[in-house]
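A note on names: the letters A, B, ... follow the listed sequences, proteins ahead of strands, and every chain is numbered from 1.
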There are 2 protein chains.
Amino acid sequence: MNLKTLAEALGLSQTTVSRALNGYPEVSAATRRRVEEAAAQMGYRPNSRAKGLATGRAMLIGQVIPTSTEHEMVNPVFGDFVAGASQNLARAGYDILLTRVPGDDEGKVYREFRARGAVDGVIVQAPAVNDERIALLNDIGLPFVVHGRSTGVDLPYSWIDVNNTQAFRRATEFLIQLGHRRIALINGLERMDFAFRRRKGYTHALEAAGLSSDPILMCTDEMTEEFGFKKTRHMLSLEDPPTAIICSSILSAIGIRRALQEAGLVMGRDLSVITHDDDLSYLKNGQDLPIFTATRSSVRMAGELLADALVQLISAPDEGPITRLLEAQLVVGSSTGPAPLQAARLG
Amino acid sequence: MNLKTLAEALGLSQTTVSRALNGYPEVSAATRRRVEEAAAQMGYRPNSRAKGLATGRAMLIGQVIPTSTEHEMVNPVFGDFVAGASQNLARAGYDILLTRVPGDDEGKVYREFRARGAVDGVIVQAPAVNDERIALLNDIGLPFVVHGRSTGVDLPYSWIDVNNTQAFRRATEFLIQLGHRRIALINGLERMDFAFRRRKGYTHALEAAGLSSDPILMCTDEMTEEFGFKKTRHMLSLEDPPTAIICSSILSAIGIRRALQEAGLVMGRDLSVITHDDDLSYLKNGQDLPIFTATRSSVRMAGELLADALVQLISAPDEGPITRLLEAQLVVGSSTGPAPLQAARLG
DNA sequence: TTGAAAGCGTTACCAG
DNA sequence: CTGGTAACGCTTTCAA
């Protein structure tokens with residue numbers, strides 16, 4: 001069933017049928033109704049590629065699957081992100097085109113997207129400090145939005161981000177107020193922008209309180225359970241061990257918990273732990289961990305908001321970049337509801 | 001840069017350039033080299049939609065984002081699945097078209113895929129018992145592969161599945177051998193095919209050992225942490241409580257652990273727990289739980305294998321369905337390596 | 001071995 | 001308000 005046969009069946013021209021179906025005003029109400037009914041009844045849907053060829057738009061948004069460098073694992077919340085993005089993109093008639101990058105040449109994929117006209121825009125995940133993808137996309141003129149920001153890039157671009165600096169400053173200040181002086185930071189890879197900002201918030205809070213940041217208490221790596229475990233075990237063996245740890249991921253925080261258990265220490269009594277993570281759904285697995293986060297299901301929401309921004313960017317490119325900073329809140333809870341903050345007050 | 005300008009720049013016809021680039025034999029080696037070099041140098045890539053319109057293929061595989069009924073959360077391993085699928089699809093020149101279903105009308109999406117010619121095939125996730133999507137896809141003639149199987153559907157179709165029945169029979173037999181007689185089953189929603197098969201394996205093993213299955217020890221629901229927690233707490237309060245639990249998901253098993261802790265019981269000593277899950281990466285969060293699974297990263301591998309099957313199905317539709325059953329192994333480990341099975345021997 | 005031209009299914013311009 | 005026709009960028013058939 002294509003436009004031609006539908007038009008013939010109706011005794012109308014393809015032009016009129018197309019206009020009726022696409023909501024053009026110069027069609028009589030009676031004709032439009034007749035066309036719409038016939039189309040619905042015959043199950044007519046315009047061919048995507050033909051429509052795209054004629055209009056010059058793909059109605060597709062490109063998304064490269066973000067795999068972590070280590071183990072090629074995909075962030076568990078990626079599904080929630082695309083679910084959110086996909087939902088709001090669908091409202092504007094877009095679908096997501098997913099593709100994987102074999103090596104590290106994500107730029108090549110974007111160039112190809114552009115050259116083939118495969119997508120109308122892209123979503124960029126996990127920006128690094130000085131991320132080169134932003135300049136590239138800017139150069140080739142492919143509309144894009146960034147999930148996160150990139151320190152060092154001074155081009156204007158659209159992004160949405162959690163206020164990581166603020167979040168880690170607050171967490172640090174909070175522990176300082178409880179009397180802690182030896183506060184460790186178990187952070188993600190600091191070439192990633194989010195981790196860079198988190199460290200900044202941490203050191204700023206220490207400096208503001210007149211405390212020096214001890215390099216031995218700061219570590220950075222891919223945030224696995226193992227990383228949290230090993231670093232905690234090591235730090236507990238120091239002459240002057242930390243009394244509190246701020247952690248960048250609940251996965252590593254679970255490793256911290258393991259190290260404490262192994263050492264016969266009780267989290268929240270012998271050592272305070274505060275964890276950041278993007279999504280409270282993780283609480284299911286780490287419900288005894290104090291956590292601060294942006295909002296409930298912030299990742300899904302980020303997907304929704306970024307989708308809206310990208311759609312607007314494509315339809316009205318001259319309105320300038322759209323940005324939004326989500327403030328992190330200190331949320332302490334368990335899967336069964338609010339729970340008392342398990343961060344020990346010293347002294 | 002399109003075919004026309006490239007052809008003009010080379011002083012050749014569009015036909016010859018197209019043939020050279022698409023590997024047709026009737027082009028002289030010299031011409032082909034010249035064309036290929038010019039195309040590479042000028043960054044020419046054929047327009048996706050034009051090519052698709054001319055060839056009648058979209059080079060896109062449809063994938064509906066599978067959200068759980070409850071809370072609209074996406075399975076954390078979905079990202080790994082699409083990473084695997086995407087990788088192998090890319091080898092054959094396909095990308096994935098992701099879309100979300102607002103309500104429950106996934107069939108409508110497939111019909112639209114077909115009518116718009118938007119995709120060349122689809123991947124079906126999470127089949128239920130008697131899943132109606134299979135008959136629909138068969139009817140409308142859209143090539144598809146299923147991640148899992150559907151009991152009750154007698155049409156031939158391509159699938160890949162973990163041997164759930166076998167896995168749960170083995171786990172049950174194992175506990176029986178250890179001397180257990182009161183073995184509980186905390187299962188997923190049994191309208192889902194995987195859960196249906198797991199229960200079958202469990203009851204078969206009990207029957208084979210001459211044990212009767214007690215309805216009070218079998219429960220089924222969406223596999224949340226809360227579900228495992230509440231059911232365990234309830235079963236521990238019974239007059240004749242279970243001495244072992246087989247669980248369908250590590251998330252619920254974490255709830256079991258919580259219930260045991262609350263009751264002052266030690267897992268593996270006071271009560272045995274064996275958990276199934278699709279991917280050992282979960283071990284990061286539940287490393288003290290005995291687990292059996294298909295393989296390491298089985299979900300990612302399933303994506304890869306299903307991608308290959310679908311590509312073959314599209315290119316050679318008459319070869320018949322492709323099926324593969326992955327045998328589950330009893331894998332007991334922690335994130336740091338193999339660990340002793342924490343299942344108590346009774347008596 | 002190469003080229004001209006028809007066709008893929010739409011939209012959009014220009015007449016009427 | 002409606003219709004004919006060019007155009008979108010490619011592949012493929014038919015001729016040379």
Worksheet entry | Ionic contact status for B:D161 with B:R149, cut-off 4.0 Å | yes

Worksheet entry | Note: A:D105-A:R111 ion pair, threshold 4.0 Å (strictly below) | no

Worksheet, complete the sentence: To the nearest angstrom, the CG-P distance between A:N2 and C:dG9 comes to 5 Å

Worksheet item: Would you say the side chain of B:R19 and the base of C:dG3 hold a donor-acceptor pair, judged only by whether the two atoms sit under 3.5 Å apart?
Response: yes

Practice prompt. Find the distance B:Q14:CD to D:dT13:P and express it as a whole number of Å.
Written response: 17 Å

Worksheet entry | Rounded distance (Å) that lies between atom P of D:dG9 and atom NZ of B:K51 | 16 Å

Fill in: Nearest listed nucleotide, side chain of A:T31, among D:dT2, C:dT11, C:dT2
D:dT2

Fill in: Pairwise salt bridge (Lys or Arg N to Asp or Glu O under 4.0 Å) hits with a residue in residues 305-316 of chain B, at least two apart
none

Worksheet entry | Interatomic distance, B:M59 CE vs C:dC8 C1' [rounded to whole Å] | 17 Å

Worksheet item: Does B:Y24 place a side-chain N or O at less than 4.0 Å from the phosphate oxygens OP1/OP2 of D:dT11?
Response: no

Worksheet item: Can you find a side chain N or O atom of A:T16 that sits less than 4.0 Å from OP1 or OP2 on D:dT2?
Response: no

Fill in: 5' precedence on DNA chain D between B:E26 and B:L53 (nearest-nucleotide basis)
B:L53

Worksheet item: How about B:I61 and B:Q63: do any of their side-chain heavy atoms sit closer than 4.5 Å?
Response: no

Worksheet entry | Member of A:E112, A:E106, A:K108 meeting the side-chain hydrogen bond (donor to acceptor under 3.5 Å, both in side chains) criterion with A:Y110 | A:E106

Worksheet item: From C:dG7, C:dG3, C:dT11, pick the nucleotide closest to the side chain of B:A54?
Response: C:dG7

Worksheet item: What about A:T15, does its side chain sit under 3.5 Å from the base of D:dG4 through a donor-acceptor pair?
Response: yes

Worksheet entry | Among D:dG9, C:dT11, D:dT2, the nucleotide that comes nearest once only the side chain of A:N22 is considered | C:dT11

Worksheet item: Does a side-chain N or O from A:S13 land closer than 4.0 Å to OP1 or OP2 of D:dG4, or not?
Response: no

Worksheet item: Distance check: side-chain N/O of A:S28 vs OP1/OP2 of D:dT2, anything under 4.0 Å?
Response: yes

Worksheet item: How long is the line joining CE of A:M42 and C1' of C:dG9, in whole Å?
Response: 16 Å

Practice prompt. Can you tell me the distance, in whole Å, between the CE atom of A:M1 and the C1' atom of C:dT10?
Written response: 15 Å

Worksheet item: Taking for each residue the nucleotide of DNA chain C with the nearest heavy atom, is it B:A115 or B:G11 whose nucleotide lies nearer the 5' end?
Response: B:G11

Item to complete: Please state how far atom CZ in A:R49 lies from atom P in C:dG9, giving the value in whole angstrom units.
Response: 9 Å

Fill in: Atom pair distance, as rounded to whole Å: CG in A:L21 and P in C:dT11
8 Å

